Amino acid sequence: MRRLIISLIALVAMQSAIAADRLTTLPCPILGGELSNSAATSVADIDEVMPRMRALGLNTVLVPVYWELLETIEGRFDFTLIDRTIDVARREQLHVVFLWFGAWKNSMSCYTPAWFKKDTKRFPRAMTAEGKQMEIASCFSDNVLQADLKAFSALMRHIREKDPQREVVIMMQIENEIGMLESARDHSPLAEKAYNKERWAERYGTDEYADEKFMALSYARYVEHLAKAAREIHDMPLYVNAAMNSRGRRPGEYPSAGPLAHLIDFWHEGAPSIDLLAPDIYDTGFKSWCAQYAMPLRPQDGGAVKNRLFIPESRCCENSGVRALYAFGEHQAIGFSPFAIDQASAKETESVTQAYNLLRQIFRSALPLGSSKNYQLSIVNLKTWGLLFDQEDRERVIDDNGVVMTCRHYFTLPWDPRATDGTTWPEGGAMLIRLGKFDYLLAGSGVVIDFKTPTEKQQEQQKTLGEDGFAEAGGDSSQKANKRFNGKRLGLLSVDEVSIADDGRMQYLRRHNGDQTHQGRHARIGVGEWKLLHIKLYEY
């Protein structure tokens, strides 16, 4: 048994290494945006929307492929929309991630062709325990699988012919937010046969969580057929996305059995050819959702990564930009993509444009001068952190080998009236990069950082500051005890606002000092500002 466990650990590590190798073939960090569900259903739609995405500062567009439009007549495939998407993306210098809206989209089988929908005998539906048919094709039907597989394979072959070097199409999503709704598992005759054959109840019990595990493994096995076909036809990174199990819902109340974090082992077992399990984040708790999907393995497993973070969908809002900076900084994400960005207001997309502009510059600086276009192999060599703050979660302390950085929301400073006038604080966030000893790069909006030695941090006294940023008069006398200071301090040697040129060289814009650093006390970027700050420290 011990030998078997070691073998399984080695297999998982090997699969993770293979997936990591495929991911390093991505030509860029995905500074993406996903189109709304019906935004690419005609040539006119594609011609209109793709240039707008380029103007917003995206480098990658996530574009649905609709089975019902691809194969309107069974066995006849129309690739007009695929070709147009690739042609316009190439012209606009954009990459594309295609989303296969095949057997399931948000659990439902709404994008299947009419000939599929109407023939429920040939293509059976999932059922509740009470025998009610649902608008969900049963993953236990070989007819469903073969029809889906045939169409998806035709799509992959056509993409290979159209874009053989993967210059445009860089990754594929298989299905969309797979999961059971209304019932935690399928109770159709085919499903019951599989359930009993697996002796599932004896292994896991009969509650809704055991049912969800059964469906997770079954969905994953189904997806593996499509993933293996894709590998053989046109090998590229593949992923599946998940709607979150949020707000205290139980299996069947959210899209159950999808590639959720608590089901990762079942998905890895059933679909080893999938490179990424990806969260679609719309609810609160952005940092927590990210952490659940950025999964390292144990050091004894060779330091491999169990799952890299890629966010194919996130609510497009005024906080999207700082969330992107956080995801790249904290978890070295593969990419970030607000959903329905084509329908968002200018106020919502502005933060995305600003953040992507900073990130694009950062990734230039991460590459050695004159290196290849791939950033994945170089960014991992830098120590980075992600910062993300709001009105409740407003501070993080980071100890970087003797440099203690207290990072806060900009509105924790006393002089901005929006901090105390009842305004809901917009999120502040940044990517913080260690360039060397006492040398940092800060990219973001709405943050402030001070720098101290550990001994200085331990001895600091909390002071109540007035609106001018200085201590209030008549403070607590207990804070004024005559204690001798021991140790060294850190000061700001320089804080320069910079940009980064195409060749990766840092270009000086202006010096921040005086009022802009509160006379050397901190480095800051105001709410509504988007800046790159090069910060150098000294010890005294």
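All values derive from a computational prediction rather than experimental measurement. All residue numbers in this chain count up from 1 along the given sequence.
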[X] side chain near [Y] side chain, heavy-atom distance below 4.5 Å:
X	Y	answer
Asn176	Trp104	no
Thr128	His187	no
Pro312	Asp280	yes
Pro64	Trp100	no

Do side-chain atoms of Glu348 reach the backbone of Ser345 as a donor and acceptor pair under 3.5 angstrom?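 Pair found, side chain donor or acceptor close to backbone of Ser345.
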For Trp200 and Ala210, indicate whether the former's side chain and the latter's backbone hold a donor-acceptor pair under 3.5 Å. yes
Are more than 12 heavy atoms, taken from residues, nucleotides or ligands other than Arg52, located less than 6.0 Å from that residue's CZ atom? yes
Can you establish whether the number of heavy atoms outside Arg199 located under 6.0 Å from its atom CZ is more than 12?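 No, not enclosed.
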Does Arg185 qualify as a cation-pi partner of Tyr195, given the criterion of NZ or CZ under 6.0 Å from the six-membered ring centre and within 45 degrees of its axis?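 So Arg185 does make the cation-pi contact.
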Under the criterion ring-ring contact (aromatic ring centres under 6.0 Å, His included), I'd like the reasoning laid out for Phe328 against Phe363: C-alpha separation, chi angles, the key distance, then a yes or no. CA-CA 10 Å; Phe328 283 105; Phe363 293 128; 5.5 Å; yes
Within this structure, what is the [atom1]-[atom2] distance for the pair [X] and [Y], rounded to the nearest 0.5 Å?
X	Y	atom1	atom2	value
Lys228	Ile274	NZ	CD1	12.5 Å
Arg323	Glu318	CZ	CD	11.0 Å
Arg249	Leu181	CZ	CG	9.5 Å

May I have the step-by-step check of side-chain hydrogen bond (donor to acceptor under 3.5 Å, both in side chains) for Glu68 and Tyr111, ending in yes or no? CA-CA 5 Å; Glu68 63 177 345; Tyr111 279 95; 5.7 Å; no
Would Phe310 and Tyr239 count as a ring-ring contact (aromatic ring centres under 6.0 Å, His included) here? Give the steps. CA-CA 9 Å; Phe310 171 54; Tyr239 75 96; 5.1 Å; yes
Quick check: Phe389 with Trp425 (ring centres under 6.0 Å apart)? no
